[in-house]
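Contents: one structure, followed by commentary.
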There are 2 protein chains.
Amino acid sequence: MKTLKIPEATIIRLSVYSRHLTDVDRKGIITTSSGEIADGVGVSPAQVRKDLAYFGEFGTRGVGYNVKDLRQHIMRILGLSADWSVTLVGVGNLGLALSTYKGFRDRGFIITSIFDADPKKVGTVVEGVKVLPIDQLETVVRQNRTQIGIVAVPSEFAQEIVDQLIKSGVAAILNFAPVVLNVPPEIELRNVDLAVNLEVLTFNVCGQRCY
Amino acid sequence: MKTLKIPEATIIRLSVYSRHLTDVDRKGIITTSSGEIADGVGVSPAQVRKDLAYFGEFGTRGVGYNVKDLRQHIMRILGLSADWSVTLVGVGNLGLALSTYKGFRDRGFIITSIFDADPKKVGTVVEGVKVLPIDQLETVVRQNRTQIGIVAVPSEFAQEIVDQLIKSGVAAILNFAPVVLNVPPEIELRNVDLAVNLEVLTFNVCGQRCY
DNA sequence: TTGCGTATGTTAATTATAGCACTATCAAGG
DNA sequence: CCTTGATAGTGCTATAATTAACATACGCAA
């Protein structure tokens, strides 16, 4: 339909809408409106309609949206109609936390392999998945046709792990190491930097008066 | 120059600049330029200058920026000239990971208290800090004059923890629970939703063609 | 001391994003 | 079957953010 550029902010909100709709659906509610969704997730009704309008017409004028239906549509838009195979590299505290994070599996992200450089960790089993050495990364990831890599290794190793992931055929990488990574343009990369989040807070708490 | 609204995107970039400058400084480099910073963190030189221009003039025309100096300035802008007292609520896998995360302490965020609802966890010591029961939260947080709360509890308890944190006088909250929280406008709130990050990736991997 | 090269700070233009207001459409009830 | 109330979809407006362009100021060397 449209090859219009979609704002990333819209995608993030869609993800939140879908989560909200899952909750609403669980309560047995059949129909909802842009206003109700807006209240539920803290944006304006116009924003909700605008976001959805990028992708088609999912509602009925004068009535609203069918909850199940809209949820399904958004899930499909986000690419969540089928499961995704995910690999996790790095089983430090953060990696361990990520491996047990329920939110991933709930949304169809299945961790199919785990790797770590530490020989002491290799061989252990985390959440039912055996931790493998890094030198098996390429083979296993390629074999599983894993498309998403999560990087939870120390900053100094992040780039080399990313390079290996790319060589192994992943299409997207979620990076938790606080470094700037070089990836070719066709690879999707997102960085999550926990300290940055705190720093945005402190800036705002200072009331932007500290300087 | 004052009381100008600063884009949040600018703050996030400043945080990244400061990290980059820390690295550069560690290499013993004295002077840098907007172009070098831009290369280092993957934005445009104009963007770097624009971001800095919100807060003053830190460079010398024809020369560039003094690394140490600029870094110091940015740190002050972000409110990082002094340490911050942080409380962590929830010692599941994620909470545990956060408590050991080096990035926090490096940037002056000190976890001064930890709480959990689970009696089995209360009394244990995490990273040198004793885990306390939730009912001591208000007293301890108030006593420590803790200004930042990190919420790493299951979604269904997040709102009630947040309410308690606010009652205890915190100014800012970093929330890891995937729910929309209600807070009064004077409280700074940031949400980190790990699944949302993956979903932005999958949307982009689908090439926005899935729908 | 003066001119040149360079990188900043700033203003202007472009682009992107969000908000608003209007219009079209549907459901329900008399 | 028509009227009324409600709400999605959409074009336009305003606001925000990024990019580009330019003029200013500094260091250095002749």
Side-chain angles (χ1 to χ4, degrees), chain A residues 1-17 20-21 24 29-71 73-74 77 200 203-204 208 211, chain B residues 1-17 21 24 29-67 69-71 73-74 77 200 203-204 208 211:
Chain A
M1 54 195 73
K2 293 130 92 155
T3 316
L4 204 57
K5 198 191 156 297
I6 315 286
E8 177 164 299
T10 291
I11 304 307
I12 293 171
R13 284 190 298 264
L14 282 179
S15 176
V16 176
Y17 301 160
H20 171 75
L21 289 170
V24 170
I29 295 166
I30 305 299
T31 302
T32 188
S33 68
S34 61
E36 283 180 4
I37 297 173
D39 285 347
V41 307
V43 300
S44 74
Q47 184 78 77
V48 173
R49 296 199 297 274
K50 205 41 164 324
D51 287 334
L52 295 173
Y54 281 111
F55 302 96
E57 307 188 1
F58 306 116
T60 313
R61 302 183 185 201
V63 180
Y65 303 92
N66 177 281
V67 173
K68 273 194 200 317
D69 205 50
L70 182 59
R71 176 173 174 281
H73 271 297
I74 296 179
I77 290 167
V200 174
F203 172 78
N204 287 319
Q208 315 182 7
Y211 52 96
Chain B
M1 173 215 292
K2 253 307 205 8
T3 322
L4 206 56
K5 200 188 157 301
I6 315 287
E8 178 165 300
T10 291
I11 304 306
I12 293 171
R13 283 191 299 263
L14 282 179
S15 176
V16 177
Y17 300 161
L21 289 171
V24 170
I29 296 167
I30 304 298
T31 302
T32 188
S33 69
S34 60
E36 283 179 5
I37 297 173
D39 285 346
V41 308
V43 301
S44 74
Q47 184 79 81
V48 174
R49 295 200 298 276
K50 194 80 204 285
D51 286 336
L52 295 172
Y54 282 112
F55 302 96
E57 307 188 3
F58 306 117
T60 312
R61 301 184 186 202
V63 180
Y65 303 92
N66 177 282
V67 174
D69 205 49
L70 182 58
R71 177 175 173 281
H73 271 296
I74 296 178
I77 290 167
V200 174
F203 172 78
N204 287 319
Q208 313 182 8
Y211 54 94

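Throughout, a chain's letter reflects where its sequence line sits, starting with A, and its residues are numbered from 1.
- Remark: P of C:dT10 and CZ of B:Phe58 are 11 Å apart, rounded to the nearest angstrom.
- If you take CG of A:Leu14 and P of C:dT17, they are 14 Å apart, rounded to a whole angstrom.
- When each of D:dA20, C:dA18, C:dT8 is scored by its nearest atom to the side-chain atoms of B:Ser34, the top-ranked nucleotide is C:dT8.
- Side-chain N/O atoms of B:Tyr65 include one lying less than 4.0 angstrom from OP1 or OP2 on C:dG9.
- Side chains of B:Asp69 and B:Phe58 form no contact here, defined as non-hydrogen atoms less than 4.5 Å apart.
- Distance, B:Leu52 CG to C:dG9 P: 7 Å, rounded to whole Å.
- Between A:Asp39 atom CG and D:dT7 atom P there is a gap of 12 Å when expressed in whole angstrom units.
- Closest approach of B:Ala38 and B:Pro45 over heavy atoms only: CB-N, 3.5 Å.
- In this structure, OH of B:Tyr54 is placed 13 Å from P of C:dT10, rounded to the nearest angstrom.
- Residues A:Tyr65 and A:Gly59 come closest through the heavy atom pair CD2-CA, 3.4 Å.
- For C:dG19, its base sits under 3.5 Å from the side chain of A:Lys50 at one donor and acceptor pair at least.
- If B:Gly64 and A:Arg49 are placed on DNA chain C by their nearest nucleotide, the residue sitting closer to the 5' end is B:Gly64.
- Within the 4.0 Å cut-off from OP1 or OP2 of C:dA18, at least one side-chain nitrogen or oxygen of A:Arg13 is found.
- Annotation: of the two residues near DNA chain C, A:Val63 and A:Pro7, the 5′-most nearest-nucleotide partner is A:Pro7.
- For D:dA17, neither phosphate oxygen OP1 nor OP2 lies less than 4.0 angstrom from any side-chain nitrogen or oxygen of B:Gln47.
- A straight line from CG of A:Asp51 to C1' of C:dA18 spans 10 Å, rounded to a whole angstrom.
- Counting heavy atoms of neighbouring residues, nucleotides and ligands inside a 6.0 Å radius, atom CD1 of B:Ile30 does not exceed 12 of them.
- Using a 4.0 Å cut-off, no side-chain N or O of B:Thr60 falls inside it from OP1 or OP2 of C:dT8.
- Atom P of nucleotide C:dT25 and atom CZ of A:Arg61 are separated by 6 Å, given to the nearest angstrom.
- Contact annotation: B:Ser44 reaches the phosphate of D:dT19 (side-chain N/O to OP1 or OP2, under 4.0 Å).
- As rounded to whole Å, 11 Å separates atom P of D:dG9 from atom NE2 of A:His73.
- Across all strands, A:Thr10 comes closer than 4.0 Å to no nucleic acid atom at all (heavy-atom distances).
- In this structure, CZ on B:Arg71 lies 13.0 Å from NE2 on B:His73, to the nearest 0.5 angstrom.
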